[in-house]
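Please read all numbers here as calculations on a predicted model, not as lab measurements. Every chain is numbered from 1 and lettered A, B, ... according to where its sequence line falls, protein lines coming before strand lines.
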Protein chains: 2
Amino acid sequence: MSKSSKTPRSRPIQRDVAERAGVSSATVSYVLSGRRGRANPVSEETRVRVLDAVKELGYQSNHAARSLRRHRTDIVAVVHRPPSNPWLEELIEQLHRSAVERGCSVITVPIASRDRAETVLRVLRERFVDGAIIAPDPAIDPAQVRALAAGGLPLVAFDDTLTARRLDVVRLAQEEACRSAVCYLIEQGHRRIAYLAHDEELALDGHGVKFAAYRKALSDNGIELDPALVVPGADFRPDAYAQVQKLLRGSTPPTAIFSASDRAAINAIWAARDAGLGVPDDLAVIGVGNTKEGESVQPALTTVGTPQTDFSQVIDALWERIDDPTRSGRELLEPWRLVTRSPHD
Amino acid sequence: MSKSSKTPRSRPIQRDVAERAGVSSATVSYVLSGRRGRANPVSEETRVRVLDAVKELGYQSNHAARSLRRHRTDIVAVVHRPPSNPWLEELIEQLHRSAVERGCSVITVPIASRDRAETVLRVLRERFVDGAIIAPDPAIDPAQVRALAAGGLPLVAFDDTLTARRLDVVRLAQEEACRSAVCYLIEQGHRRIAYLAHDEELALDGHGVKFAAYRKALSDNGIELDPALVVPGADFRPDAYAQVQKLLRGSTPPTAIFSASDRAAINAIWAARDAGLGVPDDLAVIGVGNTKEGESVQPALTTVGTPQTDFSQVIDALWERIDDPTRSGRELLEPWRLVTRSPHD
DNA sequence: GTGAAAGCGCTAACAT
DNA sequence: ATGTTAGCGCTTTCAC
């Protein structure tokens, strides 16, 4: 009895292909993966026979076995907190384009909240991926990012506070940019400035950088924070619309809004316009993200964000770190800026 | 010399833990993964020793090895075409909640265009995941979905035409619902109805169901299709705004718009309002998706989509198929409907 | 140019 | 209650 008559498997394996082509499993591997490092090719005749057998059997290589052996998965991840946004999708798109050249696939790992991070990060911890980019403001404890990096996982994180130790970090200088945005409103004479926060930011103890920037700008200018002006809603458009609508109907409505997302800022503008208010005369609005969308609102949205969206530096940093995981940490600078736009038309 | 003095590895492996705890590698496995099927537990004392060793060494199990052995990865994927949308994010969120109970992680596989599908689907073909949900209108050739299912991959696909053979399909009856939406506009007396399409739909030869529905509704009512009224822009808000703005400035502007997404429909409404037109009097707009956001626009958006967003049936179908991949294909019905909303307030 | 064989790190029978 | 052992399916020396 030959080896071939083992218990029937659900999917064909390399050995099945080898037997069908009348070669060894090693040869099949050479044909499919190329003989790395060696110049010795497989003869054209065998190559064809193997390829035919592959097609006939519908063979697909087994990823687990391959990556166990090769110590790499050829998959990279983008870790982010939903909801998605155009900035993130551009990052993923560019990573994708770059990844195909390396024969690498891109997946995303959405993490909705910190309490869920621990379980989901298994995908990174257990080396399911060769490396990852961590998008700004993920729902992950910084300590977990450090732990992943310390574990040797190639990582590039958009983060302003993490030390660039065993990972690369991209500095956005979010707090400074956000502070300048709120100060800008104050310079325009605004005193009652509302803050439209991401839902999870208000839930966290330490609060996030954007809220910190907001508070700092107010206190630096001797303005007392009115808790009634700090509301959630930056995550979802309908929430933003409803929250702003409620604010504007209040007894002492704000004259300006600083929104943690462009998304919400735009809905704030709509809520104001639907309430019969002029923007920016009756209500000034500043968003965060510098998305294309902000350019087509009426009036165009003043916002805070990265001036450009060329992620090649970031992506290259990831590839380099994957190729040399022990490389010392690097710090990239893509500082956010205040992008003021005057009403157009 | 004991086995322990092999060449130094980058990460500790089970054997390292075993040696440190003075037990066998099998015991470590039992402690960490539980003794599946068996009732025999590990003694409390060894358990603690092993766990201590794990912590001291910072051991993380190797996913490739584990899944090679266990024939499962405990990872499921959601395949979709960017940009993301609230409906999709709700699906992912619910899948997530359900997955953690099974000790399963969720990843997403964004596929931007068909020509990129082949390479990216490696993640599914090579059994990187235990199963997948394919969101509506993915950038994948139906033949590829069939091939994946035929290969034995547990799959649940939102699709109206695929045969529920070796996969489960969720029928949305998109075309019928979209047709009824366009017919609704025609009944209101509209003759010049524009179609705001997803970018890739216009690029494809066969065109998509939404465009087909649009054409059918027009021809059924004896209205000739004006190519000038079929424009892309449904993917990105600024594009939608610009396209509608251009349409409205044309010599013979449309009186109604059928948009392939709520997202774009809402921007169509704003383009109209910004152009000084009344909605729906001067321009009627219908979207697709039945998103929450459509409720807070002024006027509220009439749309086409799933009335509810409880995905438990779909998610359960995935788990059942993963547990029994040979189960015959099932057909789920979540038909889209026309959701008419009159101007509110 | 091709094959034999030794693992990659883990789990699960089976033995003790 | 714990250890021994035989692989999972693949890649990669090394020998021919």
*Where the side chain of A/R166 meets the backbone of A/L148, is there a donor-acceptor pair that is under 3.5 Å apart?*
no

*B/T163: side chain to side chain donor-acceptor pair (under 3.5 Å) partners, not counting sequence neighbours*: none

*Write down the distance between CG (A/L68) and C1' (D/dG9), rounded to a whole number of angstrom.*
9 Å

*asked:* For B/R122 and A/S105, which I'm curious about, is there any donor-acceptor pair between the side chains at under 3.5 Å?
replied: yes

*For atom CZ of A/R127 and atom P of C/dC8, their distance in whole Å*: 17 Å

_Please encode protein proximity along nucleotides 10-16 of chain D as a string of B, S and -, counting only heavy-atom distances under 4.0 Å._
BBBBB--

_Counting C-beta onward and ignoring hydrogens, is there a side-chain heavy-atom pair between A/L57 and A/R20 closer than 4.5 Å?_
yes

*Can you list the residues that meet the salt bridge (Lys or Arg N to Asp or Glu O under 4.0 Å) rule with A/D141, with sequence neighbours excluded?*
A/R114

